[in-house]
Amino acid sequence: MTSGQRKSPIWHPFTQHALQDEMTKIVRGEGAYLYSADGRRIIDAIASWWVVTHGHCHPPIVRAIQQQAERLNQIIFAGHTHEPAEEVATAMLKLAPPGLDYVFFSDSGSTSVEVALKMALGYWHNIGKPRSRIIVMQHSYHGDTIGAMSVGARGVFTATYSPLLFDVITVPFPSAGQEQATLDALEAAVRDENSAAFIVEPLILGAGGMLMYPSWVLKEMKRICEASNVLFIADEVMTGWGRTGTLFACEQAEVSPDIACYSKGLTGGSLPLAVTLCRADIFDTHFSKDRTRTFFHSSSYTANPIACAAAKANLDLWLDPETRARVASVAAMQEQAIAPFRADIRFKDVRRTGTITALELETRDSGYLAGIGPKLQAFFNERNLLLRPLGNTIYVMPPYCVTTEDLDEIYGAIGDAADAVRRDHAI
Ligand SMILES: *Cc1c(COP(=O)(O)O)cnc(C)c1O
């Protein structure tokens, strides 16, 4: 099969061009809506891959970007600093769980995870007790670079690259009633004297299928790591910025991670930026007149001033109680929307944490590569809805400006899709 007839030279992410070559061209975004070149208004029910929090082109963020672009658009971040980065760092430390003292900038969730892993190994190396084993949770996702893939679930996404991936210790996902097995496995894993860190998505495993677990498990996992001095890395790349109902998921477990990764909604979904926060003693093990202890990591656009200005505008919004009130009302609206589906036999499981809902269709066709995912996506696209099910799991993660009318449309279509699936088992 060759691609000679393709119209565009662009190779899109997570896209099988031989099956789906027609891309929806978007010309404008405003609030919860996207406008396509063919004149449609599409409801963005997944916040454009989980990044858009307040809405597309949110005015205070747009203004901050415009003003910063005219003043200073880029500066090497080694040997230099700038006001937007300083402000973001200060604001992040004010909002993040207590105990985090330093901020390292990068440009994506994956790079923030790579930075976290390197910080953890640097810590153990620099205190003279080198450790290199990372403990991970089953079904996790931490990004698509080689290191981030190594600590994520192995499967169809990673099989081709497995010769390059490093070994990890995996603890089972704490499904309801099975939590103790997770805690026991973690207890055993932290006792391995090569265990450097445990990395986990707090409360919700995103790409693994919007799998949810309770805050007491998160709290217990932190306690277990702490008792053995294994570093606890919270990957809040997706769960941050109100998604789980609180600003950060760790708040609900009163957990202060040793290292924490934030990205996606950091700029409100307007520009790529990430931060990795860490405890002072992790920084201090790198703080030395000995140059070999330098933290050897950078990217060309580290702490880009325009992206930082967007992040600062976002952080200001989070200081406004209105934003948190809005998150609480979206969570309540989401609960109301899924209530009728809770006892619905067309669904195997219906769940919610904060502003995120997941509805698992009862079907024989499951797993990410199940043909049903793309078919559902096409079905929703015809209804002018941006939804991108993970296999047979349909999830809704809207921007916080979503209205009840928007949710009615979204869940109406989900109900119709479930009917279609039941009728002919293939939609
Ligand atoms: C999306 C995601 C990442 C990767 O972020 P990118 O910006 O896509 O590199 C890492 N961790 C989690 C939990 C994510 O959801």
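No hydrogens, no waters, no symmetry mates; every other heavy atom, side chains included, goes into these values. Counting convention: from 1, in listed order, for ligands and their atoms alike.
- At a 3.5 angstrom cut-off on N or O pairs, T111 does not count as close to ligand 1.
- Shown here is E254, whose CD atom has no more than 12 heavy atoms of other residues, nucleotides or ligands within 6.0 Å.
- With no hydrogens or angles considered, a side-chain donor-acceptor pair links Q334 and Y411 at under 3.5 Å.
- Close contacts of ligand 1 with E201, meaning ligand atoms under 4.0 Å from a residue heavy atom, involve 13 (C).
- Under a 4.0 Å criterion applied to the non-hydrogen atoms of G109, ligand 1 contributes the atoms 4 (C), 5 (O), 6 (P), 7 (O), 9 (O).
- Comparing heavy-atom distances from atom 1 (C) of ligand 1 across K264, R243, M238, E236 singles out K264 as nearest.
- For the ligand labelled ligand 1, residue W50 lies inside the 4.0 Å heavy-atom shell.
- Each of the following atoms of ligand 1 lies closer than 4.0 Å to a heavy atom of S108: 7 (O), 9 (O).
- Of all non-hydrogen atoms in L361 and A418, the two that sit nearest each other are CD2-CB, 3.7 Å.
- The number of heavy atoms from other shown groups lying within 6.0 Å of CD (Q336) does not exceed 12.
- A cation-pi contact, defined as under 6.0 Å to the ring centre and within 45° of the axis, links R28 to Y35.
- Each of the following atoms of ligand 1 lies closer than 4.0 Å to a heavy atom of S110: 4 (C), 5 (O), 6 (P), 9 (O).
- When only non-hydrogen protein atoms are considered, atom 11 (N) of ligand 1 lies nearest to D235 OD2, 2.7 Å.
- Seen from the ring of Y33, R41 counts as a face-on cation partner, given the 6.0 Å and 45° thresholds.
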